[in-house]
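Letters A, B, ... mirror the listed sequences (proteins, then strands); counts begin at 1. Everything quoted here is computed from the prediction, not taken from an experiment. Below, each value reflects all heavy atoms present in this structure, side chains not excepted, and no hydrogens, waters or symmetry copies.
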Amino acid sequence: MISFDFEYYRPKSIKEATDLYQNLASRGGKPIYYSGGTEIITLGRLNRVYTDAVIDIKSIPETQTWGFHNNELITGSALPLSIFNEKNYFPLLAETAREIADYTSRIKITIGGNICGQIFYREGILPFLLTDSDVLIAGSKGVKRKPLKEVFDQKLMLEREEFLVQLATKKIYMEMPFLSVKKRQQWKTGYPLLTVASLKKDGFLRFAFSGVCPFPFRSEQMETVLNSRTQPYEERALASFDYLPQPILNDIEGSNEYRLFVLKNTIVDFLKKFEGDENK
Amino acid sequence: MVMIGKSVARKDAWEKVTGQAKYTGDSQEGDMLYVEKVISPYGHALIKKIDLSRARQLAGVKAVITGGNLPLTGEEIRDRYPIAYKRVRYHGEVVALVVADTPKRARQAADTIHITYAPLPVINTPRQALDPKAPLIHEDLGQYKKISKVYPEQGTNIANRTKIRKGNMLKGWSESDVVVEESYSLRPSDHAAMETRCALASIRADGKVFITSSSQAPFMIKRLISEYFGIDIGDVIVTTPLVGGGYGGKASVQLELLAYIASRASGGRLVKVQNTREEDMLTSPCHIGLDATIKLGCSQKGKLKAVKILYLWDGGAYSDKAVSLSRAGAVDCTGPYQIENVSCDSLCMYTNHPYASPYRGYSHSEVLFAFERTMDSLANKLGMDPLELRRMNAILPGHTTPTQVLLNSSSVGNLPACIHRLKKLMEWEKGQRIDLGNFKVKAKGISCVWKTSTIDTNASSGVILIFNPDGSVNLVSGVIEIGTGSKTILAQIVSERLKINLEKVKVQMKVNTQSTPEHWKTVASRGTFMAGRAALQAADDAISQLKHLASCVLRAPVEDFEIGGERVFLRDDPSKGLSYKELAYGYTYPNGNAIGGQIIGRGHYVLRHLTPLNPETGAGKPGPEWTVGAQGVEVELDTREYTYRITKSISVIDAGKVMNPKMAEGQITGAMSMGLAFGGRETFYFDDLGRVMNPQLRTYRPLRYGENPEYVCEFIETPQKDSPYGLRGLGEHGLLGMPAALGNSLSLAAGVHLNELPLLPELIWRKRKGADEGDLL
Amino acid sequence: MKISKDTYQKITIKLKINGEIVETDIHVSDLLLNVLRDKLGLTGAKPGCLNGDCGACTVIMNQKPMKSCLLLAIEAIREEITTIEGLLNSTIQKEFVNHFAFQCGYCTPGFVMVSHALLMNDPNPDKKTVIEWLSSNICRCTGYQEIEKALYSVIKGGNACGLKPKNTVKSNGAKKTDETGRLN
């Protein structure tokens, strides 16, 4: 039960949505964009999210796009997570997404909601961080296209009146070797101890992480260390920790020490899988 | 026997698979009011100020209620206000209620209530609570009203102390060649029944109080509301429909009091109080925690000689059922073994945690975790097979329990037979720890279990059988259908005794304390025994009435009649007889004259020869019999990251008599599942302010499908001679040894002593790391 | 589309549930679960967590399982919704009875619905898929083996939805399971 009430709008175009937002905000309202709405519903129930108007963007055709256009994969922000496995155009995304929440919930949770939500794991962003994707963001001045890395720092840096419409990823990335692993202490559903996704491009390994810090990130400094081929895997993993952002999560899912222990193992496993056994 | 031992379908099957089954929260009435709670955000604090001004002004708000002017409550010690007054002692404690015409309005109003708190120091463990310098959680402990068999210690945080003094400890230690001593700890956790607790109340102008509640103890609600609020007991009418899982958590009386108070403040109107999941975990009573120290000695050959035990129960902020739980932990303070010299102190400690209610197994799984881990340590030190150590010390008829009850072959099941069977099922001979290579180790751990009930010495159960005109019969019993299928078992018993088709036994699932005979509480795996006895008596009563009527109609002595095929007939000439249908509503002669009347069989049963425990020695008879069993768990541990897979979980339980095999298996496997989750992953995490950090099913994680092991469940049948068809209680027993067996298997696999719950990979990693670093020194 | 202006004013919506169009007054922030239970008397879907964690409130929307606590009722306008009440005599329900795949019964409607949806979408799902779908729900009473057996007995029996034409109509206006169950 959500105790407060709000207005509900379901615009059919991007412009309608952003106009609505401006109108509502200019009247002193607190509108919020809504796609899957799972976070707004569950946190709203606990008064951790408040809004007086939701603008449901899932009837905007662009947010439902899922397919290739001009050698790019376009991922609409209101696509439910479940679709990435049903139509698996982007295996890394499919694999990462299928570990979020549970199956039934993934039919409702959207990729945009996962990326832009408050719950800080936001694992849905990892595949896009690794693939030099662009984001299409709608705002009062229309839709702008930006490289993800320019507008992502711990979270997607959106102005209040903006919303994520699509992500665009070059098709060539779909073919690249990748790994994505979500580690939890002793269960198979739900929040991670940590998630590591990795992609090999031109012989260079890229890494992105969730659950290590209270935000997802990709670190080029860590990647440099992790790709220093002369060093043993474990040494590389430990050396890369010098560049870990802070703080390391220390919560009920696991202590910071244990997380680093598991992270080290996970990275070593990834290196083994990508580069082969060290003893050989 | 026709019906006994058959896997007949459950009587509640179709309503449950169609969604037609009604639970308390499903009732919805037009004029209903809704209650929302304001709960404490702190583990321990003074309430400095409550600002209700905004809440009272909101439209639709009927009442806003805070503490004060309410009686102290508690089943054994009255130490708890239903709504906190001046001080909160746990995170989630109710501080105010709002009653309004819709749930939304009630919530909105509740959210406007501003409360100023002054935090107090928090006691987060029972060992901390025992420290003489610890702050007192109940300064007035000595002044509280209480029953006579509970022993709170004024000026301390000890709500109750149970002492077990059996044999001669000096002698015991002098005969002990090998001694181990270890400490254990587990924090409180939760029942997590899928149905959150819910209660409805209304008060009629004539003073009658109507409560509907998702409860395992409607008759206790009736009694306590009567006592606390001074209402004639017959004017309190409690209804309980189907209950969506209890596991002990719904045996405490809490929301019903709030519902009554809310209705009283709203002119007696019908009100509904339903817990959110968060409230169900925080506010309502939880699963008790335990800190334990056990010193156990045996002879060179492995004969147990002496044990000294300290149990410090984390009873939480209020004593309610926790004092009784601490007593039950003392009653069966050892595993199911013959030990001549036992000294145990079982203390119920106050802490700033949610308070405890019963949890499936009633302290036994917690005690057994500590004790059975100690058994493995002892076996290890002796260099002896842990299964063999258990076999040679197994409790047998002729032995005495810690409370000095002399056992016979009826009052205790056959533990050696269970152990023998377990050994086969686990392929024990193939080894206990097997290195599978590639960082994988397979290991097997075991635990023996036993349990008696520790319910009131005069607890009773009644059954009424009301005949229908077609000769079918309505079965009315106060047992709650909480999921265990007890009422189907009762129907089987009645069907068997009356020699009537099972379809003709119509079971009333709902319980109403005005029209249903009392069954004390649906707890302690005693439903089928006590209500079963009452059902047999009721059936015999009905049979006697049928025979008397037939004797009159057919002009033959009563003794000449037998029953069968839903008829009463003459033994020597079965063709002469009358069908149940012809007798059910009395007999009507062809000329229209009639005699007799509706057949109504009645039966009751009260547990016999039970006595309270002696306060100095613990001697006394707490329950009628001890169900025993042997359980095992197989795990595959990843020795690099310490995650593990539970591959198999096995129970061999002496069920006395298996009444309905599929249902019995369901009880055992379901309990194993719950026990593995409790042992492996479920716990409350507390911060320094005593706040529970994970009151949601997203962060508090019961087992899901695919995480379950393969379950193997077998039964031994050693009849309990005074129970229906020899059955023994088994609703809890599948759970009892699971945490211990899991702990034993993982300790063996990882090569470290894992003496804490839950057994999470991080715990194993930490212990392993400690051991490895220790090795370097 | 724009709905509702004044806070706490109710609005009237139409929903298609179990093949019937129903009209009901709601608040915009009402969850589908609450509307089903409180307004329409369809109490088969149960609240267990209101957080999308337990699955006791699962219904089928457009052939897919959906947690009705994660849906605003308003989002369900124009969608095809099936609740447990719309399922009659499905094979999965029979097998739940035969295999004792429930105890307290509270999670059962959710498990029946997620199982039924699975069978509608894939009459012969592999093990991984079964785990993926069924792990969306929590049962606290059973050890899941009984539910597993019930589901696999339908899979093996090859009559996934139990919706042969002969099973169609039942009394009391409850609607045609074949409509809700049949897959395109």
Side-chain angles (χ1 to χ4, degrees), chain A residues 1-12 16-17 20 23-24 27 29 34-46 48-56 58-60 78 80 82-83 85-86 98-110 113 119 187-191, chain C residues 1-11 13 26-35 37-38 47 49-55 57-75 77-78 110 113-114 117-118 121 128-138:
Chain A
M1 175 190 68
I2 302 166
S3 65
F4 55 87
D5 216 357
F6 43 72
E7 299 175 3
Y8 178 86
Y9 300 88
R10 195 146 171 175
K12 293 231 161 44
E16 200 189 329
L20 260 172
N23 269 332
L24 292 164
R27 290 191 337 226
Y34 179 107
S35 58
T38 55
E39 242 185 75
I40 295 170
I41 289 172
T42 55
L43 296 179
R45 180 176 67 87
L46 302 170
R48 285 189 213 154
V49 165
Y50 175 78
T51 177
D52 53 19
V54 303
I55 302 171
D56 187 340
K58 60 180 168 278
S59 291
I60 300 171
S82 57
I83 205 166
N85 279 280
E86 287 164 18
R98 106 182 284 166
E99 292 294 331
I100 296 167
D102 58 65
Y103 177 75
T104 311
S105 299
R106 288 197 292 279
I107 296 172
K108 189 82 198 316
I109 299 171
T110 62
I119 297 171
W187 35 83
K188 295 177 179 167
T189 300
Y191 292 149
Chain C
M1 173 165 73
K2 181 207 146 172
I3 296 169
S4 169
K5 185 136 177 12
D6 303 319
T7 312
Y8 314 130
Q9 286 295 307
K10 290 193 172 181
I11 56 160
I13 62 166
I26 63 157
H27 287 287
V28 172
S29 65
D30 283 347
L31 304 178
L32 179 64
L33 173 64
N34 294 121
V35 172
R37 290 173 54 79
D38 305 345
C49 65
L50 302 180
N51 210 43
D53 299 331
C54 78
C57 66
T58 304
V59 299
I60 297 175
M61 187 163 101
N62 302 334
Q63 320 274 5
K64 288 188 168 167
M66 190 62 86
K67 290 173 175 172
S68 61
C69 76
L70 290 182
L71 257 175
L72 298 175
I74 226 167
E75 290 181 272
I77 295 174
R78 284 194 269 283
M113 294 311 275
V114 75
L118 171 57
N121 281 275
K128 191 178 168 189
T129 308
V130 171
I131 290 176
E132 185 169 31
W133 285 55
L134 260 57
S135 63
S136 300
N137 294 35
I138 299 173

Exercise for the section: For A:Arg45 and C:Asn51, indicate whether the former's side chain and the latter's backbone hold a donor-acceptor pair under 3.5 Å. Expected result: no
Practice task
Select, from A:Leu46, A:Thr38, A:Ile107, the one with the greatest count of heavy-atom pairs under 4.5 Å involving chain C.
Solution key: A:Ile107
Problem - Least distance between heavy atoms, C:His27 atom then A:Asp5 atom - result: ND1-OD2, 3.1 Å
Fill in the blank from the handout: When the 4.5 angstrom heavy-atom criterion is applied to A:Glu86 and chain C, the contacting part is side chain
Practice task
Please tell me if the side chains of C:Ser29 and A:Tyr8 come closer than 4.5 Å, counting only heavy atoms from C-beta onward.
Solution key: no
Practice task
Count the heavy-atom pairs under 4.5 Å between each of C:Asp30, C:Asn34, C:Asp53, C:Leu72 and chain A, then report the option with the highest count.
Solution key: C:Leu72
Problem - Side chain, backbone, both or neither of A:Ile2 within contact of chain C (heavy atoms, under 4.5 Å) - result: both
Handout entry: Region of C:Leu71 that comes under 4.5 Å of a non-hydrogen atom in chain A
Key = both
Fill in the blank from the handout: Okay, A:Lys188 and chain C: the region with an atom under 4.5 Å from a heavy atom over there is neither
Exercise for the section: Check side chain to side chain donor-acceptor pair (under 3.5 Å) between C:Ser136 and all other residues, then give those that pass, not counting sequence neighbours. Expected result: A:Asp102, A:Thr104
Completion exercise
Scanning both residues in full, the closest heavy-atom pair of C:Gly52 with A:Ser105 reads O-OG, 3.3 Å
Practice task
Could you tell me which of C:Thr58, C:Asn137, C:Leu70 has the largest number of non-hydrogen atom pairs under 4.5 Å with chain A?
Solution key: C:Leu70
Exercise for the section: Could you tell me whether C:Glu75 and A:Lys108 make a salt bridge, using a distance below 4.0 angstrom between a side-chain N and a carboxylate O? Expected result: yes
Problem - Distance, nearest 0.5 Å, that separates NZ of C:Lys67 from CD1 of A:Ile41 - result: 13.0 Å
